[in-house]
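Some notes on the structure that comes next.
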There are 2 protein chains.
Amino acid sequence: MAAAVEILDAEGEAGLTFRALAARLSTGAGAIYHHVANKTELLSAATEHVITDVVTDTADDRPAEAIRRISLGVFDAIDAHPWVGTHLSREPWQTAMLRIWEGLGGRLPALGVPEHHRFDAASAIVSYVLGVAGQNAANARRDFGDVTDRSHVLGAVADRWAAMDDDEFPFVRYLSTRLRDHDDREQFLAGVDIFLAGIAAEDDR
Amino acid sequence: MAAAVEILDAEGEAGLTFRALAARLSTGAGAIYHHVANKTELLSAATEHVITDVVTDTADDRPAEAIRRISLGVFDAIDAHPWVGTHLSREPWQTAMLRIWEGLGGRLPALGVPEHHRFDAASAIVSYVLGVAGQNAANARRDFGDVTDRSHVLGAVADRWAAMDDDEFPFVRYLSTRLRDHDDREQFLAGVDIFLAGIAAEDDR
DNA sequence: ACCTGAACACCGTTCAAGT
DNA sequence: ACCTGAACACCGTTCAAGT
């Protein structure tokens, strides 16, 4: 599993082939099938390996703070291992996903969310985190020719947004100026706070 | 493009090979490269083909209602073409994504969201929609052996959630009973409303 | 019980040769 | 300018044969 994570971090999802992993482990490609059934299971095991730590119990915290911290843990894990973001979105039944549902949703009762809202609320925050996860993974995967560092990539995207037709894409053009120097991590947390504020507002109704 | 969408709907992402598309069009595989640069571009073009209609202008609407309707349009498009959900999350710079940013974010000024909150608010709602899109695409792709219809699939997942360890996954177990007969579309809309409520609440601060 | 590694049935992509 | 289709350099997965 450690070898698989190393290859994934270094070469990405496409780099993790059964042949490459077998070579790294000095064995035959067929041998790996004695431990995982197929490539999906191999990726799920690697994902589980990375996610388990970041959704650890923090039972003594205030619940909103726990939701912020677990969300940020998942965000940072995907920042460090972009392939995790892709795989989480692709295999919703893997154990890593259950840990995220539990970590985020498990705080809703303590937050005072009434029972009839809990499933919808948990689903919303999990979906939001997964959405950001997928985007970040895609952003990290993408390369713009020779520009690789973040600020240059953002600049390239911003240039593209700024060049869109003003009649069809006025808001996208408006955003292009703010895109250039925003902070992904802060924006992610701002979204978590919008969600938390929405939960609190709905409880009052 | 129509032929590509047909193959994708019938066989999924794995079924759309250059050889299969060439055969359907009675041509050679190499010919397709005169129209798209690679497989990613082929999928982006097919995605654009499906998404453009559902994010059409509805300028005369109340903004919150427009956001709900555009979100639902994306949801329904992915319900009909699951591969769209996967590809949206994987290629954030494609034109289809810009249309979604514009359709959802473009309503925020009319909603009264102050300028310094607009980018974060747009990002949050787009990420949420993409998160649900990815999950729904993955759910539709997955098959549980011989059970294929929705209620049986949900039942199988619910059984799995109910069988989890009670100490480690109390909330997941709690959810397993509601999972069985919830409505994905309603739950999606409930999430949109949570974000709209959160955006409204943040404006008051 | 686990490993080996050749073999099978594919891929995306390229490119000389055609029209 | 576009098409053809064989060729290249790979894949995931299987399986007879080994230890």
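Since we're looking at a predicted model, the values are computed, not measured. Proteins get letters first, then strands, A, B, ... in listed order; numbering begins at 1 in each.
Using Watson-Crick or G-U wobble geometry with both donor-acceptor distances under 3.5 Å, C:dT19 finds its partner in D:dA1. In this entry D:dT14 has C:dA6 as its Watson-Crick or G-U wobble partner, both defining distances falling under 3.5 Å.
What separates NZ of A:Lys39 from P of D:dG12 is a distance of 4 Å, to the nearest Å. The distance between atom CD of A:Glu13 and atom P of D:dC11, rounded to the nearest whole Å, is 14 Å. One can place CG of B:Leu42 at 10 Å from P of C:dT13, the figure rounded to the nearest angstrom. Atom-to-atom, NE2 of A:His34 to P of D:dC15 comes out at 12 Å; the value is rounded to the nearest Å. Here D:dC15 presents its P atom at 18 Å from CD1 of A:Ile32, a figure rounded to the nearest Å. We find that CD of A:Glu11 is positioned 16 Å from C1' of D:dC11, with the value rounded to whole Å. Distance, B:Leu25 CG to D:dC2 C1': 14 Å, rounded to whole Å. Taking atom CZ of residue A:Phe18 and atom P of nucleotide C:dA6, one finds them 18 Å apart after rounding to whole Å.
Side chains of B:Asp9 and B:Trp83: a donor on one and an acceptor on the other come within 3.5 Å.
The ring-ring contact (aromatic ring centres under 6.0 Å, His included) test with B:Trp101 is passed by exactly one of A:Trp161, A:Tyr174, A:Phe169: A:Trp161.
Take the nearest nucleotide of DNA chain D for B:Ala31 and for A:Thr17: the residue whose nucleotide is more 5' is B:Ala31. Mapped onto DNA chain D by nearest heavy atom, B:Gly30 and A:Leu16 fall at different nucleotides, with B:Gly30 at the one closer to the 5' end.
The side chain of B:His35 places no N or O atom within less than 4.0 Å of a non-bridging phosphate oxygen (OP1 or OP2) of D:dC2.
Ion pairing of B:Glu65 with B:Arg68 is present here, as a side-chain N (NZ or NE/NH1/NH2) and a carboxylate O approach within less than 4.0 Å. Residues A:Arg173 and A:Asp167 are not paired through a salt bridge, judged by the lack of any N-O separation under 4.0 Å between the basic side chain and the carboxylate.
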